**Student:** 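Structure in structure tokens, see below.
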Amino acid sequence: MGPTEILILLLATAGPTKAAIVYLGLTKHADAKFKRQLAFRSAGIAAVLCILFALLGAGILSTLKISVEALLIAGGAILFVFALNMVIGEEKAEAESSEPPEPSLDWAAFPLAMPLMASPQGLVAIVAIEATSQTFADSMVLVGLILVVAVINVVFMLGADRIFSKIPPAFLKVIMRIAGLLLCGLAVQIMIYGFDGLGLIPNEAIELHG
């Protein structure tokens with residue numbers, strides 16, 4: 001797999017699209033300084049996680065006797081809980097209190113860095129790519145591409161305000177609900193991949209939906 005193909009795969013699995021929408025919703029009451037801090041910190045944490053998995057992921061999973069399938073199922077479950085809260089949690093919060101949540105840099109680690117940018121499928125893809133690397137140079141190319149994606153993530157999040165500036169608040173809520181629903185579907189699909197890898201899904205069901 002060449003650098004271009006790897007970059008496309010990383011953008012699809014560890015890129016900014018889902019994170020930017022969530023970032024915009026979380027920071028709608030925050031000032032510019034906090035937004036910059038959150039964007040840089042979340043992208044940085046995600047990059048560190050991805051690089052650790054690129055260099056040590058296969059060894060860590062092997063040492064702890066954790067299969068790739070288990071990582072997919074666990075990551076999908078975490079993403080599903082978060083996504084479900086996006087769909088139904090905001091209305092519950094508004095009913096309990098009219099005050100918006102206090103901006104917190106803790107959002108950088110969860111949910112922005114993990115599981116939205118350093119996503120379960122992204123980490124699995126990184127481990128798989130590293131497993132096919134034949135030289136140290138190949139590993140360094142992968143690390144370099146992860147850093148490129150981190151820069152793209154920061155730029156995309158910092159530009160989210162301008163991208164969505166013309167969108168009314170009510171429509172933004174609809175976008176957040178739709179994004180949450182799609183993330184729920186993605187989370188279930190990730191878990192299906194894990195169950196399929198463990199042989200727990202009948203071949204007939206795979207062929208029916210193939």
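Please read these numbers as outputs of a predicted model, since none were measured by experiment. By convention here, the first residue in the shown sequence is residue 1.
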**Student:** Which heavy atom of Met157 sits nearest a heavy atom of Tyr23, and at what distance?
**Tutor:**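 Residues Met157 and Tyr23, closest heavy atoms: O-CE2, 3.0 Å.
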**Student:** Any sub-3.5 Å donor-acceptor pair from Arg177's side-chain atoms to Val87's backbone N or O?
**Tutor:**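 Yes, because the side chain of Arg177 sits within donor-acceptor range (under 3.5 Å) of the backbone of Val87.
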**Student:** Indicate the atoms forming the closest heavy-atom contact of Ala20 with Ala160, along with that distance.
**Tutor:**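 In this case the closest contact between Ala20 and Ala160 is O-CB, 4.2 Å.
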**Student:** Do Leu158 and Leu105 share a hydrophobic cluster, counting only Ile, Leu, Val, Met, Phe, Trp and Tyr and linking them when any side-chain heavy atoms are less than 4.5 Å apart?
**Tutor:**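 Yes; tracing contacts between hydrophobic side chains, which count when under 4.5 Å, links both residues.
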**Student:** Start with the C-alpha gap between Met114 and Leu123, add the side-chain angles, then the distance that decides, and say whether side chain to side chain contact (heavy atoms under 4.5 Å, CB included) holds.
**Tutor:** CA-CA 10 Å; Met114 182 75 177; Leu123 297 177; 4.2 Å; yes
**Student:** Find out if a path of hydrophobic residues (ILVMFWY) with successive side-chain heavy-atom gaps under 4.5 Å connects Val81 to Leu84.
**Tutor:**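 No: no chain of side-chain contacts under 4.5 Å links Val81 to Leu84.
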**Student:** Nearest heavy-atom pair of Ile126 and Cys50: which atoms, and what distance?
**Tutor:**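 Distance-wise, the nearest heavy atoms are CD1-CB, 3.5 Å.
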**Student:** Measure the spacing between CG of Leu38 and NZ of Lys33 and express it to the nearest 0.5 Å.
**Tutor:**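 Leu38 CG to Lys33 NZ: 14.0 Å, rounded to 0.5 Å.
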**Student:** Is atom CZ of Phe34 surrounded by more than 12 heavy atoms (other residues, nucleotides or ligands) closer than 6.0 Å?
**Tutor:**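 Atom CZ in Phe34 is packed in, count exceeds 12.
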**Student:** Does the side chain of Met117 come within less than 4.5 Å of Ser42's, by heavy atoms?
**Tutor:**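 Yes. Closest side-chain heavy atoms under 4.5 Å.
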**Student:** Looking at CG of Asp31 and CZ of Arg36, how far apart are the two atoms once the value is rounded to the nearest 0.5 Å?
**Tutor:**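 Here the rounded value is 8.0 Å.
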**Student:** Taking all atoms of both residues into account, what is the closest heavy-atom pair of Val154 and Ala39, and its distance?
**Tutor:**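 For Val154 versus Ala39, the nearest heavy atoms are CG2-O, 3.9 Å.
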**Student:** Does Leu56 share a hydrophobic cluster with Leu145, counting links as ILVMFWY side-chain heavy atoms below 4.5 Å and allowing steps through other members?
**Tutor:**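 Same cluster.
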**Student:** Determine whether Leu181 and Ile178 make a side-chain contact, defined as any pair of heavy atoms from C-beta on separated by less than 4.5 Å.
**Tutor:**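 No, their side chains stay 4.5 Å or more apart.
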**Student:** Verify side chain to side chain contact (heavy atoms under 4.5 Å, CB included) between Leu142 and Ile51, making sure each step is shown before the conclusion.
**Tutor:** CA-CA 8 Å; Leu142 177 58; Ile51 291 172; over 6 Å; no
**Student:** Using 0.5 Å steps for rounding, measure from the CG atom of Asn153 to the CG atom of Leu112.
**Tutor:**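 Separation between the atoms: 10.0 Å.
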**Student:** Work out which heavy atom in Ala54 is nearest to a heavy atom in Ile146; give both atom names and the distance.
**Tutor:**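 Answer, listing the atom of Ala54 first, then Ile146: CB-CD1, 4.0 Å.
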**Student:** Using every non-hydrogen atom in the two residues, find where Pro111 and Val22 come nearest and quote the distance to one decimal.
**Tutor:**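 Result for this residue pair: CG-CG1, 4.2 Å.
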**Student:** Within the distance-only criterion (no hydrogens, no angle test), does the side chain of Ser119 pair as donor or acceptor with the backbone N or O of Thr13 below 3.5 angstrom?
**Tutor:**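 Yes; at least one donor-acceptor contact below 3.5 Å.
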**Student:** Taking Thr135 for its side chain and Asp138 for its backbone only, find out whether a donor-acceptor pair lies under 3.5 Å.
**Tutor:**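 Looks like yes, one N/O pair under 3.5 Å.
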**Student:** Going through the distances and angles, do Ile152 and Val148 end up as a side chain to side chain contact (heavy atoms under 4.5 Å, CB included)?
**Tutor:** CA-CA 6 Å; Ile152 293 173; Val148 169; 4.1 Å; yes
**Student:** Quick one: do Ile8 and Val124 end up in the same hydrophobic cluster if we chain Ile, Leu, Val, Met, Phe, Trp and Tyr together by side-chain heavy atoms under 4.5 Å apart?
**Tutor:**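 No, Ile8 and Val124 fall in different hydrophobic clusters.
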**Student:** Between atom CD of Glu5 and atom CD1 of Ile129, what is the distance when rounded to the nearest 0.5 Å?
**Tutor:**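 Separation between the atoms: 10.5 Å.
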**Student:** Go through it in stages, so that I can follow the logic: the residues are Val127 and Glu130, the test is side chain to side chain contact (heavy atoms under 4.5 Å, CB included), and I'd like the CA-CA distance, side-chain angles, deciding distance and then a yes or no.
**Tutor:** CA-CA 5 Å; Val127 172; Glu130 176 58 25; 5.8 Å; no
**Student:** Transitively linked via ILVMFWY side-chain contacts under 4.5 Å: Leu26 with Val155?
**Tutor:**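 Each belongs to a different hydrophobic cluster.
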**Student:** Nearest 0.5 Å please: distance from the CE atom of Met191 over to the CD1 atom of Ile73.
**Tutor:**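 Output value for this atom pair is 8.5 Å.
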**Student:** Look up atom CD1 in Ile192 and atom CG in Leu200, then write down how far apart they are to the nearest 0.5 Å.
**Tutor:**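 Between Ile192 CD1 and Leu200 CG, I get 12.0 Å after rounding to 0.5 Å.
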